[in-house]
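Comments concern the structure below.
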Amino acid sequence: MPELPEVESIRRFLSSSGFMTQKVETLLVHHERSFRNESGSELEGAAFTSITRKGKKLFIHLDDGRVLVVHFSMSGTFSLTSSPGPDDIHDRVIFTAGDLRLAFHDPRRFGTIILTDDDSLIRGRLGIDALSSTLSKETLAFLLGEKKRAIKSVLLDQSIISGLGNIYVDEILWAAGIHPLIQASEVPLPSLYLLHSQMRRILMASISLGGTSLGDGESNYHAGGVRGGYYPYLKVFDRDSERCERCSSVIGKIRVAQRGTHYCPSCQPFT
DNA sequence: AGTGGCCCCTGGCGGC
DNA sequence: TGCCGCCAGGGGCCAC
């Protein structure tokens, strides 16, 4: 499930690939719900110019001002191969340009690509990016401090802070010693400041390793078939019933905001 | 403002 | 070994 570090890894991969300087020659949509053209004209003939990211979404900019907005959701990723090539049964949308073939691979079909004239509405619905240089610890404390929901639920809310998903929220809360069910407005200021620094540290560390790949399923491969290397560094996620490396307590698993939630009952007390 | 439920979908896993 | 049934999970939407 691509979160900020995985999407950023895909962005960097695509940015440095030959695809970003190409003119799209063909667009093939195998699954209608995966691709929506909200712009006035066809994609073919437009050229890619650059690729940016906000939260978990990618914005592929075209030379005519339009934008392809990519949301990977649960199981989406890109695979870049040579063209022509065989289509995998889970390739939902395929772009070709020159001798390259970029496939939006999405087994569970939750992901979407939208072609739009104006991405400002989509961008506007997203809260500030979790790694934005303008997200100071004071701003973060302000954004969280007024919310009366469980801190985990607030961190998962993409309209407040964008980019965090289930894996990294669990990791960040463990690193900051905050129980996932504590009301955001009740978290002490020093803890919120610690949350801020740990969030940046963890996200950047994961990006440097290409993100997290779970298990060995194909859906967890990133663009180009490269697996992220952060999984061994996860402290609580997917480690319920193992020992906490800080205090040796048994890591617990509960449900918060309809999500499986991993935490250390000793390092993250509910007070 | 916040919560809870439903839905989308299917690979993977537990149970037998 | 094989089959069946269940479930995770991001996010949009809706009811309360």
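Sequence lines set the chain letters: A, B, ... in the order given, protein chains first and strands last, and positions in each chain run from 1.
Using a 4.0 Å cut-off between charged nitrogen and carboxylate oxygen, A:Arg53 and A:Glu8 count as a salt-bridge pair. Contact check on A:Glu245 versus A:Lys235 returns a salt bridge, with a Lys/Arg side-chain nitrogen under 4.0 Å from an Asp/Glu carboxylate oxygen.
Side-chain heavy-atom separations under 4.5 angstrom define the hydrophobic clusters, and the remaining members of the one that includes A:Ile251 are A:Trp174, A:Val236.
With rounding to whole Å, A:Asp106 atom CG is found 16 Å from B:dC8 atom P. The separation between A:Lys148 atom NZ and B:dT3 atom P is 11 Å, rounded to whole Å. Here B:dG4 presents its C1' atom at 15 Å from CG of A:Asp157, a figure rounded to the nearest Å. One atom, NZ of A:Lys147, and another, C1' of B:dG2, lie 11 Å apart when rounded to the nearest Å.
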(request) Test A:Ile128 against A:Ile161 for side chain to side chain contact (heavy atoms under 4.5 Å, CB included), laying out the working first. (result) CA-CA 5 Å; A:Ile128 187 167; A:Ile161 308 285; 4.0 Å; yes
(message) Within the 4.0 Å limit for protein heavy atoms, which parts of nucleotides 9-16 of chain C are touched? Write it as a string from 5' to 3', B for base, S for sugar-phosphate only, - for none.
(response) BBB-----
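Taking five base pairs at each end of the helix from B:dG2-C:dC16 to B:dC16-C:dG2, the local helix axes there meet at an angle of 50°, rounded to 10°.
Looking only at distances, a side-chain donor or acceptor of A:Asp106 sits under 3.5 Å from a matching main-chain atom of A:Phe110. Under a 3.5 Å cut-off, the side chain of A:Arg92 and the backbone N or O of A:Thr112 do not form any donor-acceptor pair.
A donor-acceptor contact under 3.5 angstrom links the side chains of A:Asp87 and A:His30, judged on distance only.
By the 30° and 60° cut-offs, the orientation of the rings of A:Phe95 relative to A:Phe48 is perpendicular.
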